[in-house]
Amino acid sequence: MRIFYRLLKMADDTVKCYLECCKSSHPKLPLPHNVPVIIGRTPELGITDKLCSRSQLELTSNCYKRYVLVKRLGANTSQINGIDIEKNKSSRLEEGQDLHVVNGKFPHRVYFTGCQNDTKTEKAVVPKLPTKSTGLTKSDLFIKQPERKKLKVSENKSKVLNSKIKPQEKFSSESVYAFDSPSPMSSRCEKKAESNKRAPTHKHWSQGLKAAMEDPELVVQEDEQIVVIKDKYPKAKYHWLILPKDSISSTKNLSTDNIELLKHILKVGQELATEVMDKQPDVEFRFGYHAVASMSQMHMHVISQDFQSSSFKTKKHWNSFTTDYFVDATDIINELETGGKVKDRRTMTSLLNEPLKCHRCKKPQKNIPTLKKHIDSCQK
DNA sequence: GTTCTAGAAC
DNA sequence: GTTCTAGAAC
């Protein structure tokens, strides 16, 4: 037991957790290890939206295991990576995941710093805990936020990094979707964490696209609004993803403000497809979004309809691109233009278990190998 | 999202 | 026996 408490103390001494506003609307908020911190419609967070409860969420960090438990107390929904948190239930929030405090608004993230000796973190003195015994208020938790580094702005002109479009069968075997961007921890602490299997330093797999967006091996084109990447596991001869540079975790968080962006994404996708079809008129493309995407950071698929790829392996792969689970980009745009929001499609996940059938002739298929043979020859 | 693998299906 | 899949783990 003593060892257990010593380990907990070590975690508390060396790793600190902070809640950061993605829009920099307020200073970062320390989340002391294992101490529930309540956030909501308070002056400290700058949230005035009445749909947000004053006690919307209870956050309890685990600095040792590097995650935060998020319990929803408020009546309206909160989301982690676009997925609703049920009332009075706790969901796990990991570094890099998006936490929307209410109704897809007020994006925040958590991060963990390394040790106290780390020069990047030494200014971030963790205040005393907001317990009744300390008598401190929530505002006591706020501290001065270091100035953010300005990001480089891309050139205005669309930049084609790899204009020669080839079928996507020869990708690097490097793990592109594994998190590999710089950690805020110092190298000394990285080594320390690396040696501790129970304190993983990598981000959740669902954050892999964000790293992929910065990988020159994958990026084929970009402009000031979007990035086009090759899908690392293409499900057809041609399969790209187009992602906005602004942080938008899923289609569910879209508003009418994003209509022009969505039209731009579609236009870029259509131009890519046209480049292929000019040389191969028989190649067909679709442009769309998964009803419920697994990977964070909204992305539109540009995918040829041959489905000839060694990465296409499962019923889920097939149904995600050939049933209504694949939502045409034009449908998403229309929904925003007519209703101001995107339909909630969470119930559509059942489509992923539908029996296999050919997307052209609709003939049922026994299994994946049979389906693959069939679609190679089916002309409808 | 992928990988791995036990057990079902053949 | 081999092939295939679904679900757990990551």
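- Rounded to an integer number of Å, the gap from A:M295 CE to B:dT2 P is 8 Å.
- For the pair A:Y233 OH and B:dT2 C1', the interatomic distance rounds to 6 Å; values are reported in whole Å.
- How far NE2 of A:H301 is from CZ of A:F321: 4.5 Å, rounded to the nearest 0.5 Å.
- Annotation: the span from A:Y325 atom OH to A:H290 atom NE2 amounts to 6.5 Å, rounded to 0.5 Å.
- Taking 4.0 angstrom as the limit, A:K235 places a side-chain polar atom (N or O) nearer than this to OP1 or OP2 of B:dT2.
- Within 4.0 Å of A:S294, counting heavy atoms only, lies at least one base atom of the nucleic acid.
- For A:E337, the side chain to side chain donor-acceptor pair (under 3.5 Å) test picks out A:K263, with sequence neighbours left out.
- Qualifying side chain to side chain donor-acceptor pair (under 3.5 Å) partners for A:S249, counting only residues two or more places apart in sequence or in other chains: A:N253.
- Rounded to whole angstrom, the span from the NZ atom of A:K366 across to the P atom of C:dC4 amounts to 8 Å.
- Atom-to-atom, CG of A:L371 to C1' of C:dT5 comes out at 14 Å; the value is rounded to the nearest Å.
- Contacts between residues 312-325 of chain A and DNA chain B, defined by a heavy-atom separation below 4.0 Å, involve A:K313, A:H317, listed by number.
- Between A:S255 and A:K341 there is no side-chain heavy-atom pair separated by less than 4.5 Å.
- In this structure, CH2 of A:W205 is placed 13 Å from C1' of B:dT3, rounded to the nearest angstrom.
- Distance check: A:T251 OG1 to A:H299 NE2 gives 9.5 Å after rounding to the nearest 0.5 Å.
- Atom C1' of nucleotide B:dG1 and atom CG of A:L218 are separated by 14 Å, given to the nearest angstrom.
- Between A:H290 and B:dG1 there is a side-chain polar atom (N or O) within less than 4.0 angstrom of OP1 or OP2.
- Per the geometry, CG belonging to A:L352 stands 15 Å off P belonging to C:dT5, to the nearest Å.
- Spacing between atom NE2 of A:H239 and atom C1' of B:dG1 amounts to 12 Å, rounded to whole angstrom units.
- A 6.0 Å sphere centred on CG of A:D324 holds no more than 12 heavy atoms belonging to other residues, nucleotides or ligands.
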